[in-house]
Amino acid sequence: MRTSRARSRAVLSVAATLPLLAGALALGIPNASADSASSGRDALQGTKPAWATAGADRGATSDSGKVSVRVHLAGRDAKGLAAYAAAVSDPQSASYGKYLSAEQAQARFGATQQQIDQVSTWLRSNGLTVTGANRHYVSATGDVAAAEKTFGTQLRNYRKGSRTYRAPASTASVPAALSDAVLAVSGLDNAPHKSSHDEALPPPDAVFRNSGPFSSYYGSKTASTLPSAYGAKATYAVKGYTGKQLRAAYGAGRWTGKGVTVAITDAYASPTIAKDAAEYAKRNGDAPYRRGQFSQVLPDDYTKTEECGASGWYGEETLDVEAVHAVAPAADIVYVGGASCYDADLLDSLNKVVDHRLADIVSNSWGDVEANETPDVAAAYDQVFKMGAIEGIGFYFSSGDDGDNVASTGTKQIDVPSNSAWVTSVGGTALAVGKHDKYQWETGWGTLKSSLSEDGKSWDGFPGAYTSGAGGGTSSSVKQPFYQRGVVPDSLARANGKQRMRTAPDIAAVADPNTGFLVGQTQTLPDGSLGYDEYRIGGTSLAAPVIAGVQALAQQARHGLPIGFANPAIYARYGSKAYHDVTDHPLGPNRDLAVVRVDFANGVDAADGLLTSLRGLGKDASLKAVKGYDDVTGVGTPAAGYVDSYRFPFRRH
């Protein structure tokens, strides 16, 4: 495992990210590099991180230091796996929809017992202790000297930012005889951290509440006594959309997701999720849960609960479960929790879904910036996604909540895992649902905030400072996949150079916390007791489960046949009436939009006063939602015809 950790995408209505730590998952199809190895050995591409430079070198790692590695297994016919995954996912292919069962997939492409035994024997012969072995990897521990001998490289310490990390000084390698068995190795680059066991999950976070006034639907209550913005009086932010409004906005029609299973992966598990989800459905008009409709697959033990902010993940799980059920009320939901927010544990959760084919659709609301990715884990994740694709499982990842990431990292970059060519990247919008649940418009999600002046006559610093927005942009490491050709403009695909690269997102849904979703959760009240409360929330953590719910409806419309890896089908519908083509100026090129927010200063009640602010919509850093494909909303958001378009083989009209 690396010291990088996965970060949730949920954003509260105060536009602050939940207190979760960051994770670096390297995914997609990395560019080739000139890695080499000594005679008789094969290089493991990308195992020397880009940040392990001569200038950052802080000396050799002590030979007695401890190393924990995972040797990820290549399985049978890795190239054949990629080809088959593409074929069964492409509506233009004769193999479209000809999925394998989990058992068939393992027998055809999974690791063999011989590979497991060969790798285990090799690790032991070099002085490492094998601590575990399964169809995905062999894990081992040992001292630095043994690891260096095993992987043919020296481990040195390098400065990266404000911390010092251990990393290979040159590309790691394996004996040529094992080249067909080993996919990648992870754990050679790592930072010191403690891993403890038998940890108890903490209680829920402190309660958060929204203040009013609210709009019950977009535009229902105008802030008529407050200053104008963009030449008009702004509407108050909605209290939080519910399932009825989201289903109407995205064309659910009569479809309910019956017969479809959606999996959700996050870290840890909310101890009150079943009760909270049932209470939320009861209060907000969603169908009650059937017996067995919601289930959980949880690890035997949790680790790093304090480091990962375990209680913060409770809200993430709650949002994901309640949003999927709100959009697809008859779909089964299985929550697969990770033992921590580290990528190894989240990878284990995804493997459980694929190994046992627990679901048709997998919603994931976590990730990090591409600068933190490393190619060693990239191969392992993409292998899971490709194995899922051949079983008819689709993975949906939130695109991020910091726009182009310049404000948060100083560098314009895309997010991971949504940069993978084998997942559906879900971007975000600000959504206006009007009276009688009528869809009005959407902008790309991007927020500028300006506060009400002391005299109440103007907005300080108007139009305000950037706070958050949907992630998107062009990958620096993943080549353009076939389904984006002819759709993504070269101005985006070639933003980083002459070669066309993967661009995100692919599709979008509501994410702006100022036009967000009402969620219900048990929280810790000011007196220390626990109680159920509801609040508005957003982020691409909302967009991902909303799209997962819509895909459940589409699968039901497709007579229950799995959609699987959906990107080829999503892009095939580009430019059709299946999508709302979202732009930042839906009411005209000179018409900017904003809402007014009133928040409790302390996040709970009015005891410490109220904070009134103006939130500009459609202002996503350097990213723009424009006509056609864009790097905020992808091909757009589902329109009334989207779900029904899956009833029959799609034909453009």
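Within the model, atoms CZ of R76 and CD of Q115 stand 7.0 Å from one another, a figure rounded to the nearest 0.5 Å. D345 contributes atom CG, which lies 12.0 Å from atom OG1 of T265 (distance to the nearest 0.5 angstrom). For the atom pair I361 CD1 and I547 CD1, the distance stands at 10.5 Å (nearest 0.5 Å). Once rounded to the nearest 0.5 Å, the distance linking CG of L623 with NZ of K412 reads 6.0 Å. Between Y335 atom OH and S295 atom OG the span is 12.5 Å, to the nearest 0.5 Å. Distance check: N134 CG to R70 CZ gives 7.5 Å after rounding to the nearest 0.5 Å.
Side-chain atoms of S398 and S541 include no donor-acceptor pair closer than 3.5 Å. In summary, the side chains of Y646 and Q555 do not present any donor paired with an acceptor at a separation below 3.5 Å, with no hydrogens or angles considered. There is no side-chain donor-acceptor pair under 3.5 Å between T443 and D584. When only modelled atom types and interatomic distance are considered, D382 and S420 share a side-chain donor-acceptor pair under 3.5 Å. Residues S186 and D376 have side chains that never bring a donor and an acceptor to within less than 3.5 angstrom of each other. A donor-acceptor contact closer than 3.5 angstrom links the side chains of N567 and T424. Inspection of the S363 and D320 side chains reveals no N or O donor paired with an N or O acceptor under 3.5 Å. Using modelled atom types, one finds a donor on one side chain and an acceptor on the other under 3.5 Å when comparing Y571 with D506. Side chain to side chain, D630 and T633 meet the donor-acceptor criterion of an N or O pair below 3.5 Å. Counted by atom type alone, W255 and D644 present one or more donor-acceptor pairs between their side chains at under 3.5 Å.
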CA sep, side-chain torsions, deciding dist, call: L188, V185, side-chain contact (heavy atoms from CB on, under 4.5 Å)
CA-CA 7 Å; L188 293 177; V185 58; 3.9 Å; yes
Next item on the list: Could you walk me through whether T503 and Y629 pass the side-chain contact (heavy atoms from CB on, under 4.5 Å) test, one step at a time?
Entry: CA-CA 10 Å; T503 310; Y629 177 93; 3.5 Å; yes
Report task. Evaluate the criterion side-chain contact (heavy atoms from CB on, under 4.5 Å) for residue pair R135 and L73; output intermediate values, then yes/no. Result -> CA-CA 7 Å; R135 66 179 68 176; L73 301 171; over 6 Å; no
Note to self: With ring pair (Phe, Tyr, Trp, His ring centres under 6.0 Å) as the criterion, how do W122 and F151 come out once you've worked through the C-alpha distance, each side chain's angles and the decisive distance to 0.1 Å?
What the structure shows: CA-CA 11 Å; W122 165 62; F151 297 101; 5.4 Å; yes
Note to self: For a side-chain contact (heavy atoms from CB on, under 4.5 Å) check, start with the C-alpha distance between F565 and W422, then their side-chain angles and the critical distance, and finish with the verdict.
What the structure shows: CA-CA 7 Å; F565 173 48; W422 296 101; 4.1 Å; yes
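The 12-atom threshold is not exceeded at NZ of K258, counting heavy atoms of other residues, nucleotides or ligands nearer than 6.0 Å. Applying the 6.0 Å contact sphere to CD of Q114 captures no more than 12 heavy atoms from other residues, nucleotides or ligands.
Of the possible polar contacts, one joining the Y381 side chain to the D343 backbone as a donor-acceptor pair under 3.5 Å is found. Between the N364 side chain and the Y396 main chain, a donor and an acceptor come within less than 3.5 Å of each other. At least one donor-acceptor pair under 3.5 Å links the side chain of H559 to the backbone N or O of R647. Proximity of a side-chain donor or acceptor of T540 to a complementary backbone N or O of A543 within less than 3.5 Å is not detected. In this structure a side-chain-to-backbone donor-acceptor pair under 3.5 Å is missing from T171 to T47. The closest donor-acceptor contact from the side chain of R500 to the backbone of Q484 lies at 3.5 Å or more, if one exists at all. Panel note: side chain D360, backbone I563; no donor-acceptor pair is recorded below 3.5 Å. Side-chain atoms of S340 do not come within 3.5 Å of backbone N or O of G338 as any donor-acceptor pair. Q293 places a side-chain N or O within 3.5 Å of a backbone atom of A331 that can act as its donor or acceptor partner. A donor-acceptor pair under 3.5 Å links the side-chain atoms of Q383 to the main chain of A74, judged by distance alone.
Scanning all heavy atoms of the two residues, the minimum distance from A359 to V334 falls at CB-CG1, 4.4 Å. Contact record, L431 with E442: CD1-CG, 3.5 Å, taken as the closest heavy-atom pair. A566 approaches Q551 most closely through the heavy-atom pair CB-NE2, 3.6 Å. Looking at every heavy atom in both residues, F109 comes nearest to L100 through CE1-CD1, 4.2 Å.
A salt bridge does not link D581 to K627: none of the charged nitrogens lies less than 4.0 Å from a carboxylate oxygen.
The cationic atom of R108 (NZ for Lys, CZ for Arg) lies less than 6.0 Å from the six-membered ring centre of Y84 and within 45° of the ring axis.
Proximity of the aromatic rings of Y342 and W366 is defined here by a centroid distance below 6.0 angstrom, and this criterion is not met.
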